[in-house]
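Indexing begins at 1, ligand by ligand and atom by atom, following the structure's order. Note that the structure is a prediction, hence the values are computed from the model and not measured.
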Amino acid sequence: MNPFTYLRATDEAAAVSAGAAAKAAFLAGGTTIVDLMRLHVMQPDAIVDLGAIGLTQIENTADGGVRIGALVTNTALADHQTVGAKYPVVVEAIRSGASAQIRNVATTGGNLLQRTRCPYFRDAQVSACNKRAPGSGCAAIGGVNRSHAVLGVSNKCIATHPSDFAVALVALEASVRIRGAAGTRVIALEELHTKPGDHPEIEHTLKPGEVITHVEIPANAFAKKSHYLKIRDRASFAFALASAAVALDMQGATIRDARVALGGVGTVPWRAKETEAALRGKPATRATFVEAAKAALVSAKTQPTNAFKVELAQATIVRALEEIA
Ligand code: SF4
């Protein structure tokens with residue numbers, strides 16, 4: 001591990017100021033960055049610890065939604081009664097991720113900004129990786145890529161976004177509140193993560209020094225009837241091969257409105273708007289779900305060893321919808 005300075009920020013302003021320095025990195029729960037520093041994948045000159053700046057509350061908002069502090073742990077969020085009652089998909093997504101020990105320290109903001117589990121990205125000694133070393137190539141394209149993405153990929157990077165929580169939040173049309181040197185701004189969660197394109201090293205739209213302070217989930221008609229289904233190689237402590245966050249607003253047996261987002265198959269938490277459109281106004285039947293699920297994968301670009309994900313993701317959507325309908 002390279003030498004670095006350490007600052008424990010005492011408030012948001014101090015964190016923003018220190019975090020804007022070149023090669024500074026924020027530390028929240030540490031479940032990603034400590035690993036990556038040990039592997040020489042991330043080599044910051046300065047660590048800005050956010051652990052003393054607060055942001056540990058979960059509050060009800062005036063519109064009936066919730067506001068979650070960025071340093072609320074994944075365990076605290078999953079155990080929160082209001083969140084569980086209003087947004088079951090959030091609790092299911094969090095509990096499907098990592099291990100209990102990791103969820104005890106991993107934070108709301110850090111979960112959204114965790115970095116890919118592509119094994120080549122984490123192999124700083126040998127492997128080419130455009131995300132870690134721009135311009136060096138992508139060892140996953142033509143390499144071992146069974147776990148990689150089929151949606152939102154480029155010829156520079158096919159890494160999946162690893163967060164389950166972010167997939168649930170995209171389906172619920174959540175937003176993130178951001179504090180920076182220029183003040184506070186709020187963006188839709190869908191606008192936080194960026195597809196790799198020609199610059200896979202750029203993963204989000206945060207500016208240097210900007211800190212996520214809160215995640216806000218609005219009240220809506222579909223959240224209560226929501227569900228997260230994750231398909232993986234083993235039953236726990238594994239990343240998704242495919243996952244689906246689904247939410248339905250029903251009028252009798254007819255789908256009045258729907259939200260669908262996918263994990264494990266996209267370079268970003270993937271909102272499946274084509275599937276939502278195909279569900280809207282239709283009867284909640286298996287035939288409807290099968291047709292709608294196909295729409296989500298129309299733009300898929302596969303590699304020889306991950307082509308199975310197209311059928312797997314479709315089946316995951318269908319099963320998730322059947323389980324709540
Ligand atoms: Fe790196 Fe992306 Fe290629 Fe993985 S898929 S090796 S993260 S460029």
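Contacts between Cys118 and ligand 1, counted as non-hydrogen atom pairs separated by less than 4.0 Å, involve the side chain only.
Counting heavy atoms from C-beta on, the side chains of Thr10 and Ile53 never come closer than 4.5 Å.
Taking the six-membered ring for Trp and thresholds of 30 and 60 degrees, His161 and His193 have ring planes more than 60 degrees apart, a perpendicular arrangement.
Residue-ligand proximity, Phe121 to ligand 1, at heavy-atom distances under 4.0 Å covers atoms 7 (S). With ligand atoms numbered from 1 in the order given, ligand 1 contributes 8 (S) to contacts under 4.0 Å with heavy atoms of Lys156. Counting the atoms of ligand 1 from 1 in the order shown, those under 4.0 Å from a heavy atom of Cys138 are 3 (Fe), 5 (S), 6 (S), 8 (S). The contact set between ligand 1 and Tyr120, taken as ligand atoms under 4.0 Å from a residue heavy atom, comprises 6 (S).
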Exercise for the section: Walk me through it: do Glu92 and His227 pass the test side chain to side chain donor-acceptor pair (under 3.5 Å)? Expected result: CA-CA 7 Å; Glu92 291 173 5; His227 178 41; 2.7 Å; yes

Exercise for the section: Apply salt bridge (charged side-chain N to carboxylate O under 4.0 Å, His left out) to the pair Arg132 and Glu201, showing each step before the final yes or no. Expected result: CA-CA 6 Å; Arg132 171 172 36 74; Glu201 75 279 10; over 6 Å; no

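There is a side-chain donor-acceptor pair under 3.5 Å between Ser243 and Tyr228.
Considering Cys129, Ser127, Ala139 only, the shortest heavy-atom separation from atom 7 (S) of ligand 1 involves Cys129.
Salt-bridge annotation for Arg179 and Glu210: absent, with no side-chain N of the basic residue lying under 4.0 Å from a carboxylate O of the acidic one.
Regarding atom 5 (S) of ligand 1, its nearest protein heavy-atom neighbour is Ile158 N, 3.3 Å.
Backbone or side-chain N, O or S atoms of Cys157 reach atom 2 (Fe) of ligand 1 at under 2.8 Å.
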